[in-house]
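Residue numbers count from 1 along this sequence.
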Amino acid sequence: MTHAGSHEEAPVLLTVAEAAELLRTPVATLRYWRHLGIGPTGFRLGRRVVYSRADLLDWLAEQREAQASR
């Protein structure tokens, strides 16, 4: 039985720098994509922007599928 506050259920949140490293792209590019609304979904947590690791991986899969369908 898991508890509501279990770490296993919590999404892994990444900073902008960590997300950029995962995507192997410069931080400035990730910020620009966010500004344009074309990159992976991020959200504000206090004063910081964070990304869910699962959202990043989903976005990567979408990009791969879009490229394959061309």
Self-check item: Distance (rounded to the nearest 0.5 Å) between L60 CG and Q63 CD
Solution: 7.5 Å
Quiz item: Which pair of non-hydrogen atoms, one from V27 and one from A17, has the smallest distance, and what is that distance?
Solution: CG2-CA, 3.9 Å
Quiz prompt | Nearest atoms (heavy-atom pairs only) where L23 meets P40 | solution = CD1-CG, 4.0 Å
Quiz item: Are there more than 12 heavy atoms of other residues, nucleotides or ligands under 6.0 Å from atom CD of E21?
Solution: no
Self-check item: Verify same cluster id: W59, L14 (apolar side-chain graph, 4.5 Å)
Solution: yes
Quiz prompt | Single-linkage hydrophobic cluster F43~W33, side-chain heavy atoms < 4.5 angstrom | solution = no
Quiz item: Quick one: do V49 and L57 end up in the same hydrophobic cluster if we chain Ile, Leu, Val, Met, Phe, Trp and Tyr together by side-chain heavy atoms under 4.5 Å apart?
Solution: yes
Exercise. Determine whether Y51 and L22 make a side-chain contact, defined as any pair of heavy atoms from C-beta on separated by less than 4.5 Å.
Key: no
Quiz item: Are Y32 and T25 close enough that some pair of their side-chain heavy atoms sits under 4.5 Å apart?
Solution: no
Quiz item: Should we say atom CZ of R64 is surrounded by more than 12 heavy atoms from elsewhere, each under 6.0 Å from it?
Solution: no
Quiz item: So if you build clusters from Ile, Leu, Val, Met, Phe, Trp, Tyr with side-chain heavy-atom gaps below 4.5 Å, do L13 and L30 land together?
Solution: no
Exercise. Not counting sequence neighbours, which residues clear side chain to side chain contact (heavy atoms under 4.5 Å, CB included) with R47? List them please.
Key: none
